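A quick write-up on the structure given underneath.
Owing to the predicted nature of the structure, the values given are computational and were not obtained by experimental measurement. Each chain gets a letter, A, B and so on, in the order the sequences are listed, and its residues count up from 1.
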Amino acid sequence: MSKIVRTRFAPSPTGGLHLGGVRTALFSYLYAKQHNGQFVLRIEDTDQTRFVEGAEQYINDTLTWCGIEPDESPAKGGQFAPYRQSERKEMYMQYALQLIKSGNAYYAFDTPEDLEAMRNAHRSETNPNPQYDAKVRMTMKNSLTLSAQETTALLDVNTRYVVRIKMPENELVTFTDMIRHEVSFDTNLLDDKVLVKADGMPTYHLAVVVDDYLMNITHAFRGEEWLPSAPIHILLWKYLGWENDMPNWAHLPLILKPDGNGKLSKRDGERLGFPVFAKKWTDINGTARGYDDIGFLPSAFLNTLVMLGWNDGTDQEIFSLAEMIKKFDMGRVHKGGAKYDYEKAKWYNQEWIKKMDAAQINEFVKPLFATENIDIKNEDYFLAVCELVKERCGLLPEFIPQARYFFEAPIAIDIDSIKLKWNDDKKNFFTEFIASTDKISDWSAENIEEYFKNLATEKNIKVGELQLPMRIMLVGAKYGPTVFQIASRIGKEESKSRIEKVLGILG
RNA sequence: GCCGUGUUCGUCUAAGGGUUAGGACACCACCCUUUCACGGUGGUGAUACGGGUUCGAAUCCCGUACAUGGUACCA
């Protein structure tokens, strides 16, 4: 009896997919999967003037990177194909006609100049944005003011027209939102929105209703910016006679700029120093960085997004995609917008890096090493190194400095850090240390440490005094895991060689 | 302007009439470590304001302020 849950993500291919868009996709995906339903990707390309080459591919790539693949999409196909609205153009007109026939829509022949004139005539201090509504529609050039013959005549000679919804007067449109509960609007305040544009394309308003119906969508989630136009959609569902099939709505809270106010936008990323796009986006205006290329794990990116406006009621903050599917609850999604916090996002990334084992991180880190031309000797060694340094990495590229010295001797040596306290005793210590390493049969961290400490005691030097020089010799700088672990990893000969080299520099 | 939606530490949030208003990020201090992280302990820090309702309000109601979205032949 209950229908199969079908959600859709319906972006416009106008550029990179922004944080908010991905979150909408994520919530739609989670809801569908939680109910063993289907998640559909539909491309809303009804505005041909805003079409951007490559944007659709980018959307696919983003969902793939995030691991939230649609069950049906333009690329994948499906039983409700096509999934690109431009390819569904012919399907919309019949519904527009149906609306005209039932008296809920009409032809309008007004030119842009006519509209401008109307707005100028009505514009005032208290009405800065005059609408095409019940108050003025009878003064305009449309099938309501023209006779049937006149209308037909205009249509016959291919006069440019649009189809507008005839907004009823004195009605209260009420609907239930999964997040906001009951919401209502007074139709007297709504205008006669265009349903079909002069180029024959439907506007979002018509297309979203027709497609959600035709594609059996049961739950429609979108950003809060759509809330004010929801009554138009509700009315359309009713006028088209599909009221019983109307999806459940949820208008998601907005993701806001971390500083000032307002919706997060592309510009903000550049200004505030963090990406707003999931993946790197390049167009004629240049390249905008994405979470993928600054070194985020998809799991961390998703985790960041899901916590923006939702929580499971406990203190848990780290959720895998599988856990999100299990625990997500639209009823617990916040009503208010959330300011985006990049610092917190980085924290999620670090948590995920720590959580994942080396074998899992491997696939993300390895390409980075390839780009740096760092020769990964062998897989096991590489994995062991990743495991050793991962807790020091908040962003994937940090693996490069944190792990590089395990593969090649450091070029830059921070001599200044040890120079001041350098003396003959230390020099003798290290000289003897490298000369006697044969006494350490098994070159393990424990054995090296034991021998190193014994030798220090023998020489009457504090072990601590020697660890920093040792670190500088092996790493070149003041960071990394325990020196003995590093020495053990890079091997006896390499350790000796690095110590020797710095001894030479110190003289 | 009008309409919609919102408002708990700087930020993300918990608390659905009774809690010393909890957690996390960030920040500060200390501990661990003679590196850098991780980890641990502690600290600073919030119910926008004003009225109600109630024995009792962050929580319910009204008003104000502020924020945010919409007000296109864009989505």
Please write out the pairs of protein N or O atoms and N or O atoms of nucleotides 71-75 of chain B separated by less than 3.5 Å, giving the distance to one decimal.
| unit_1 | atom_1 | unit_2 | atom_2 | d |
| --- | --- | --- | --- | --- |
| B:U71 | O2' | A:Q131 | OE1 | 2.8 |
| B:C73 | OP2 | A:R164 | NH2 | 3.4 |
| B:C73 | O2 | A:A198 | N | 2.7 |
| B:C73 | N4 | A:D110 | O | 3.2 |
| B:C74 | OP2 | A:K197 | NZ | 3.2 |
| B:C74 | O2' | A:D47 | OD2 | 2.9 |
| B:C74 | O2' | A:R50 | NE | 3.2 |
| B:C74 | O2' | A:R50 | NH2 | 3.4 |
| B:A75 | OP1 | A:T46 | OG1 | 2.8 |
| B:A75 | OP1 | A:K197 | NZ | 2.6 |
| B:A75 | OP2 | A:Y204 | N | 3.3 |
| B:A75 | O3' | A:S12 | OG | 2.8 |
| B:A75 | O2' | A:S12 | OG | 2.4 |

Scan nucleotides 11-14 of chain B against the protein and return all N/O pairs shorter than 3.5 Å with their distances rounded to 0.1 Å.
| unit_1 | atom_1 | unit_2 | atom_2 | d |
| --- | --- | --- | --- | --- |
| B:C12 | OP1 | A:K339 | N | 2.7 |
| B:C12 | O2' | A:M307 | O | 3.2 |
| B:U13 | OP1 | A:G309 | N | 2.8 |
| B:U13 | O3' | A:N311 | ND2 | 2.9 |
| B:U13 | O3' | A:H334 | NE2 | 3.1 |
| B:A14 | OP1 | A:N311 | ND2 | 2.8 |
| B:A14 | OP1 | A:H334 | NE2 | 3.3 |
| B:A14 | OP2 | A:H334 | NE2 | 2.7 |

Could you list, one pair per line, each protein nitrogen or oxygen that sits under 3.5 Å from a nitrogen or oxygen of nucleotides 59-66 of chain B, together with the distance?
none

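Between the side chains of A:Y92 and A:D211, at least one donor N or O lies within less than 3.5 Å of an accepting N or O.
As rounded to the nearest Å, B:G23 and B:G70 have P atoms that lie 37 Å from one another. Look at the C1' atom in both B:C32 and B:A37: the space between them is 12 Å, to the nearest Å. B:G4 and B:U47 have their C1' atoms separated by 25 Å, given to the nearest Å. Annotation: B:U44 and B:C28 have their P atoms spaced 16 Å apart (nearest Å). Taking the P atoms as reference points, B:U11 lies 29 Å from B:C2, given to the whole Å. B:A26 and B:C38: their P atoms are spaced 8 Å apart (whole Å). Nucleotides B:C27 and B:U34 are separated by 24 Å at their P atoms, to the nearest Å. Spacing of P atoms, B:G69 relative to B:C31, comes out at 47 Å, to the nearest Å.
Remark: P of B:U5 and NE2 of A:H251 are 12 Å apart, rounded to the nearest angstrom. In this structure, the NZ atom of A:K354 is 9 Å from the P atom of B:C25, given to the nearest Å. Atom-to-atom, CD of A:E398 to C1' of B:C38 comes out at 14 Å; the value is rounded to the nearest Å. The distance between atom CD1 of A:I486 and atom P of B:A37, rounded to the nearest whole Å, is 15 Å. Atom-to-atom, CG of A:L227 to C1' of B:U5 comes out at 6 Å; the value is rounded to the nearest Å. The NZ-C1' distance, from A:K135 to B:G1, rounds to 13 Å in whole Å. Distance, A:R180 CZ to B:U7 C1': 13 Å, rounded to whole Å. Between the C1' atom of B:U68 and the NZ atom of A:K263 lies a distance of 10 Å, rounded to the nearest Å.
A salt bridge does not link A:E494 with A:R489: every distance from a Lys NZ or Arg NE/NH1/NH2 to an Asp or Glu carboxylate oxygen is 4.0 Å or more. Using a 4.0 Å cut-off between charged side-chain N and carboxylate O, A:K141 and A:D114 make no salt bridge. A salt bridge does not link A:K344 to A:D341: none of the charged nitrogens lies less than 4.0 Å from a carboxylate oxygen.
Nucleotide B:G18 forms a pair with B:C55, judged by Watson-Crick or G-U wobble geometry with both contacts under 3.5 Å. In this structure, B:C25 and B:G10 make a Watson-Crick or G-U wobble pair, each of the two defining distances being under 3.5 angstrom. Across all strands shown, the partner of B:U64 is B:A48, judged by Watson-Crick or G-U wobble contacts whose two distances both fall under 3.5 Å. Checking B:C2 for Watson-Crick or G-U wobble geometry (two distances, each under 3.5 Å) identifies B:G70 as its partner. Applying the Watson-Crick and G-U wobble criteria (two distances, each under 3.5 Å), B:A75 pairs with nothing in any strand. The nucleotide B:G39 finds its pairing partner in B:C31, both defining distances of the Watson-Crick or G-U wobble pair being shorter than 3.5 Å.
In the set B:U34, B:C3, B:U5, B:C3 carries the atom at the smallest distance from any side-chain atom of A:L189.
For A:V183 and A:Q350, each mapped to the nucleotide of RNA chain B holding its nearest heavy atom, the one lying further toward the 5' end belongs to A:V183. Toward the 5' end of RNA chain B, the nearer of the two residues A:T126 and A:L468, judged by each one's closest nucleotide, is A:T126.
Applying the ring-ring contact (aromatic ring centres under 6.0 Å, His included) test to pairs two or more places apart or on separate chains, those with a residue in residues 461-484 of chain A are A:F452-A:F484. Note on residues 346-355 of chain A: pairs passing salt bridge (charged side-chain N to carboxylate O under 4.0 Å, His left out), not counting sequence neighbours, are A:E343-A:K346, A:E351-A:K354.
At the heavy-atom level, A:Q402 lies nowhere under 4.0 Å from the strands shown. Residue-level contact check: A:K346 touches neither bases nor backbone, having no heavy atom under 4.0 Å from any strand.
In this structure, A:K390 does not reach the B:C38 phosphate: none of its side-chain N or O atoms is under 4.0 Å from OP1 or OP2.
A search for side-chain hydrogen bond (donor to acceptor under 3.5 Å, both in side chains) contacts involving A:Q316 returns A:E323, A:K327, not counting sequence neighbours.
Taking OH of A:Y107 as the start and OG1 of A:T159 as the end, the distance is 12.0 Å to the nearest 0.5 Å.
Looking at heavy atoms from C-beta onward, A:M324 lies out of side-chain contact with A:L305 at the 4.5 angstrom threshold. A:T7 has its side chain out of reach of A:L30: every pair of non-hydrogen atoms, C-beta onward, lies at least 4.5 Å apart.
Here the rule is side chain to side chain contact (heavy atoms under 4.5 Å, CB included) with A:T187, and of A:N170, A:L172, A:I232, A:V173 only A:V173 fits it. Each of A:F277, A:F274, A:Y291 was compared with A:F301 under the ring-ring contact (aromatic ring centres under 6.0 Å, His included) criterion, and only A:Y291 meets it. The residue from A:R137, A:K166, A:R164 that alone fulfils the salt bridge (Lys or Arg N to Asp or Glu O under 4.0 Å) condition with A:D192 is A:R137.
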Run the side-chain hydrogen bond (donor to acceptor under 3.5 Å, both in side chains) test on A:Y132 and A:D110 for me, step by step, so that the C-alpha distance in whole Å, both residues' side-chain angles and the decisive distance to 0.1 Å come before the verdict.
CA-CA 11 Å; A:Y132 197 120; A:D110 315 278; 2.6 Å; yes

